[in-house]
Amino acid sequence: ETPLTALDTWITPSQLFYVRNHFSDIPSGEASTWRLNVDGEVENPIDFGLEELRLMDSRVTAVTLECAGNSRSFLTPHTEGIPFRHGAIGTAEWTGVPLRDILSRARLKHNVSEILFVGAESGEEKEDGKTLKLRYERALPLEKALDPSTIITYEMNGAPLDPNHGYPLRLIVPGWYAMAS
């Protein structure tokens, strides 16, 4: 969790920013071989390397992220999940490319109503005696995906993202709970 004393400044230092992962392992990989793929209902399936994204027009924006489970430890009755107190929140300056600029290069088809994001996080869950292999996935309505404030980021507080915060890229969706980011 972010220590509450770290919340008395506008920007939360990256090393104090809370960490939330939906599976047990933090994804890893080499930025030099990593690719962002845009496919599906597009006229021009494309992929980008990290350096290609860094060459695109970028923006820096301060966004507060809050886990939907913030203050969960105070709920009665207790619920499943990480027992966050009040520190599953933080504000960072995120540097990245507006998602709409990336999607415009792929040329979305007219029938698209949502954009599905498949994250690097993966894991297994048991259900009805079966082991399911899962990835963390999240969809956004097209209107929010095309909002100029929705960005694909590669820096947090002026430094490259670290593995705890989405390295090498992270979606940032201002105004939505952090699970969308």
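Here CG of Leu4 is found 7.0 Å from NE2 of His86. Values are rounded to the nearest 0.5 Å. Once rounded to the nearest 0.5 Å, the distance linking CG of Leu161 with OG1 of Thr95 reads 9.0 Å. A distance of 9.0 Å separates CG of Leu134 from OG of Ser122, quoted to the nearest 0.5 Å. Between atom CG of residue Asn70 and atom CZ of residue Arg85 there is a gap of 11.0 Å, rounded to the nearest 0.5 Å. To the nearest 0.5 angstrom, Leu16 atom CG is 8.0 Å from Thr12 atom OG1. Taking CD from Glu51 and OG from Ser32, the interatomic distance works out to 9.5 Å, rounded to the nearest 0.5 Å.
Using a 4.5 Å heavy-atom threshold, the side chains of Glu41 and Asn111 count as touching. Using a 4.5 Å heavy-atom cutoff, the side chains of Arg54 and Leu50 are in contact. Contact check for Asp101 versus Leu99: no side-chain heavy atoms found under the 4.5 Å cut-off. The shortest side-chain heavy-atom distance between Val97 and Phe48 does not fall under the 4.5 Å cut-off. Side-chain atoms of Leu140 and Glu114, non-hydrogen and from C-beta on, never get closer than 4.5 Å to each other. Between Ile102 and Met56, some side-chain heavy-atom pair lies under the 4.5 Å cut-off. The side-chain heavy atoms of His165 and Val19, taken from C-beta on, include a pair separated by under 4.5 Å. Considering only heavy atoms from C-beta on, Met156 comes within 4.5 Å of Trp94 through its side chain.
Within a 6.0 Å sphere centred on NZ of Lys109, other residues, nucleotides and ligands contribute more than 12 heavy atoms. For Glu43, the CD atom is densely surrounded, since the number of other residues' heavy atoms within 6.0 Å is greater than 12. Counting non-hydrogen atoms of neighbouring residues, nucleotides and ligands closer than 6.0 angstrom, the CD atom of Gln15 exceeds 12 such neighbours. Annotation: Phe74, atom CZ; neighbour count of heavy atoms from other residues, nucleotides and ligands within 6.0 Å is above 12. The environment of CZ in Arg107 is crowded: more than 12 heavy-atom neighbours from other residues, nucleotides or ligands sit within 6.0 Å. Within a 6.0 Å sphere centred on CG of Asp8, heavy atoms belonging to other residues, nucleotides or ligands number more than 12. No more than 12 heavy atoms of other residues, nucleotides or ligands shown are found within 6.0 angstrom of CD on Glu80.
Side-chain atoms of Thr9 come within 3.5 Å of backbone N or O of Ile11 as a donor-acceptor pair. Glu1 contributes a side-chain N or O that, together with a main-chain N or O of Gly87, makes up a donor-acceptor pair within less than 3.5 Å. In this structure, Arg135 contributes its side chain and Gly119 its backbone to a donor-acceptor pair below 3.5 Å. A donor-acceptor distance shorter than 3.5 angstrom exists from the side chain of Thr2 to the backbone of Ile89, with no hydrogens or angles considered. Between the side chain of Lys144 and the backbone N or O of Pro174 there is at least one donor-acceptor pair closer than 3.5 Å. Formation of a donor-acceptor pair under 3.5 Å by the Tyr167 side chain with backbone atoms of Ala31 is found in this model. One N or O on the side chain of Asn157 and one on the backbone of Glu93 form a donor-acceptor pair closer than 3.5 Å.
Grouping the Ile, Leu, Val, Met, Phe, Trp and Tyr side chains by contacts below 4.5 angstrom, directly or via other members, places Val38 with Ile115. Follow the hydrophobic side-chain contacts under 4.5 Å out from Ile151 and you never reach Val60; the two are in separate clusters. If you chain together hydrophobic residues whose side chains sit under 4.5 Å apart, Ile46 and Leu146 fall into the same group. The hydrophobic cluster containing Trp176 also contains Leu142, counting ILVMFWY residues as joined when their side-chain heavy atoms lie under 4.5 angstrom apart, directly or transitively. Leu169 and Phe117 fall within a single hydrophobic cluster, where Ile, Leu, Val, Met, Phe, Trp and Tyr are joined by side-chain heavy atoms under 4.5 Å apart, directly or via other members.
Closest approach of Ala145 to Thr150, counting heavy atoms only: O-CB, 4.1 Å. When all heavy atoms are compared, the tightest approach of Lys126 to Thr131 is NZ-OG1, 2.9 Å. Heavy-atom minimum distance, Pro83 versus Ser73: O-CB, 3.6 Å. Counting all heavy atoms, side chain and backbone alike, Arg170 lies closest to Ser181 at NE-O, 2.8 Å. The shortest non-hydrogen separation linking Pro98 to Pro148 is CB-O, 4.1 Å. The heavy-atom pair separating Thr91 from Phe17 by the smallest distance is N-CE1, 3.5 Å.
Between Tyr18 and Phe84, the ring-plane angle classifies as perpendicular under the 30° and 60° cut-offs.
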Candidate pair Leu55 and Glu52, rule side chain to side chain contact (heavy atoms under 4.5 Å, CB included), full reasoning: CA-CA 5 Å; Leu55 294 174; Glu52 292 169 275; 5.6 Å; no
Worked verdict on Thr79 versus Arg72 for side chain to side chain contact (heavy atoms under 4.5 Å, CB included): CA-CA 7 Å; Thr79 62; Arg72 178 183 284 136; 3.2 Å; yes
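A salt bridge between Glu121 and Arg20 is absent, with no side-chain N of the basic residue lying under 4.0 Å from a carboxylate O of the acidic one. Ion pairing between a basic and an acidic side chain is recognised when a charged N comes within 4.0 Å of a carboxylate O; Glu125 and Lys130 show no such pairing.
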